[in-house]
> 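First the structure, then my questions, so here it is.
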There are 2 protein chains.
Amino acid sequence: MNLIRIYECLCDETRLRILHLLAQGPLCVCYFQDILQLPQVAVSKHLAYLRERGLVEAHRHEQWKIYSLPEPRPKELDWQLRCLQDSVQTEEVFRADLRRLKNLQSECCWVAEALKQTGGSLGNKRNIGRTSKR
Amino acid sequence: MNLIRIYECLCDETRLRILHLLAQGPLCVCYFQDILQLPQVAVSKHLAYLRERGLVEAHRHEQWKIYSLPEPRPKELDWQLRCLQDSVQTEEVFRADLRRLKNLQSECCWVAEALKQTGGSLGNKRNIGRTSKR
DNA sequence: CCAGCATATACTTCAAGAAGAATATTCTAC
DNA sequence: GTAGAATATTCTTCTTGAAGTATATGCTGG
């Protein structure tokens, strides 16, 4: 049954962290790398796992792949997000993720400003909006 | 983290069925065997799995082991029971379980009557309240 | 104490999935 | 079209757990 496939997604801390972040809004893969502080391959595989089971959606925006929660949200996912929200408030890993997300988002605002000035070219966003690991 | 241990419990249809049944009230192992229509060893192992992770409790009543949901119920479990309740209504496996549970419960009422007459001796309850598989 | 029922544990086999390394694909800018 | 960045896939190794078989434990009634 379908519900079990959902629960299989939730048995892994990395995937819980991903869903927790996506509950705040869409995010691109490289942001996940920075926030989760995990190697690219790990992030990519967990995202693929979630995608195959319909818990996240992806679309391309220029050279980036943006992941988000599916619309409309399956009700089972909705229950789980509520449970996560309720259970995870006190967990340091998840709080730290949110902190890193906020930091990147404030950087992003600055990026957004910069973009207006450069006429919308996102070409070097990767060098502004996030710390390159390589 | 603890939440993941809970989700690991929910990745298996048999365990979901067990929790779904326990949401209706406590039940002894042999009833699970009848309702789930699974071999004793399977039932016993899944119950042990749930017990180790704190999703069910067990106590002995005469020669039977009665399983129930923990009191007080952890809030994470509560969320999951609500989700189950909401998601599983239409699933035939779960509906069939409930039907078999009701049948056994009505037999049980009859057993209760019989017991009053025998002065409370439960010695042959197993031959009345459920169909012996052996 | 012994038989028999109710339940649990140990052991084996098999499949799924997590992590890491290497490599492939896709897009953009020049 | 070539380089380089962003992301995905493939392959290997290791661990967990599901199912089955056999066996053990614990309780009850004689």
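In the text below, chain A, chain B and the rest are named by the order of the sequence lines, each starting its count at 1. As the structure is a computational prediction, the values presented were derived from the model and not from experiment.
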> Does this structure show an ion pair linking B:Glu92 with B:Arg99, if we count only N-O contacts that are shorter than 4.0 Å?
yes
> With nearest nucleotides of DNA chain D determined for B:Tyr49 and B:Lys45 from heavy-atom distances, which residue corresponds to the more 5′ nucleotide?
B:Tyr49
> Nearest to the A:Lys65 side chain among C:dA6, D:dT7, D:dT9, which nucleotide is it?
D:dT7
> Is any side-chain N or O of B:Tyr67 closer than 4.0 Å to OP1 or OP2 of C:dA8?
yes
> Using whole Å, report how far CG of A:Leu36 lies from P of C:dA18.
15 Å
> Ignoring hydrogens and geometry beyond distance, is the side chain of A:Gln40 in donor-acceptor contact with the base of D:dA6 at under 3.5 Å?
no
> Can you tell me if B:Arg51 touches the phosphate of C:dT7, counting only side-chain N or O atoms and a distance under 4.0 Å to OP1 or OP2?
no
> Salt bridge or not for A:Asp78 and A:Arg82, using N-O below 4.0 Å?
yes
> Please pick, from D:dT7, C:dA6, D:dG17, the nucleotide with the shortest atom-to-atom distance to any side-chain atom of B:Trp64.
C:dA6
> Taking only side-chain N and O atoms of A:Arg60, does any of them lie within less than 4.0 angstrom of OP1 or OP2 on C:dT25?
no
> According to a strict under-4.0 Å criterion, is A:Arg15 in side-chain N/O contact with OP1 or OP2 of C:dA18?
yes
> B:His46 has a side chain; which of D:dT21, D:dA18, D:dT7 sits nearest to it?
D:dA18
> Going by distance alone, is a donor N or O of one side chain under 3.5 Å from an acceptor N or O of the other, for A:Gln37 and A:Arg100?
yes
> Consider the side chain of B:Asp12, meaning its heavy atoms from C-beta on, and name the nucleotide among D:dA18, C:dA18, C:dT28 that approaches it most closely.
D:dA18
> Please work out if B:Val41 contacts a base, only the sugar-phosphate, or nothing of the nucleic acid, heavy-atom cut-off 4.0 Å.
base
> Would you indicate what A:Val29 reaches in the nucleic acid, counting non-hydrogen atoms under 4.0 angstrom: base, sugar-phosphate, or nothing?
sugar-phosphate
> Thinking salt bridges, do A:Arg53 and A:Glu8 make one under a 4.0 Å N-O criterion?
yes
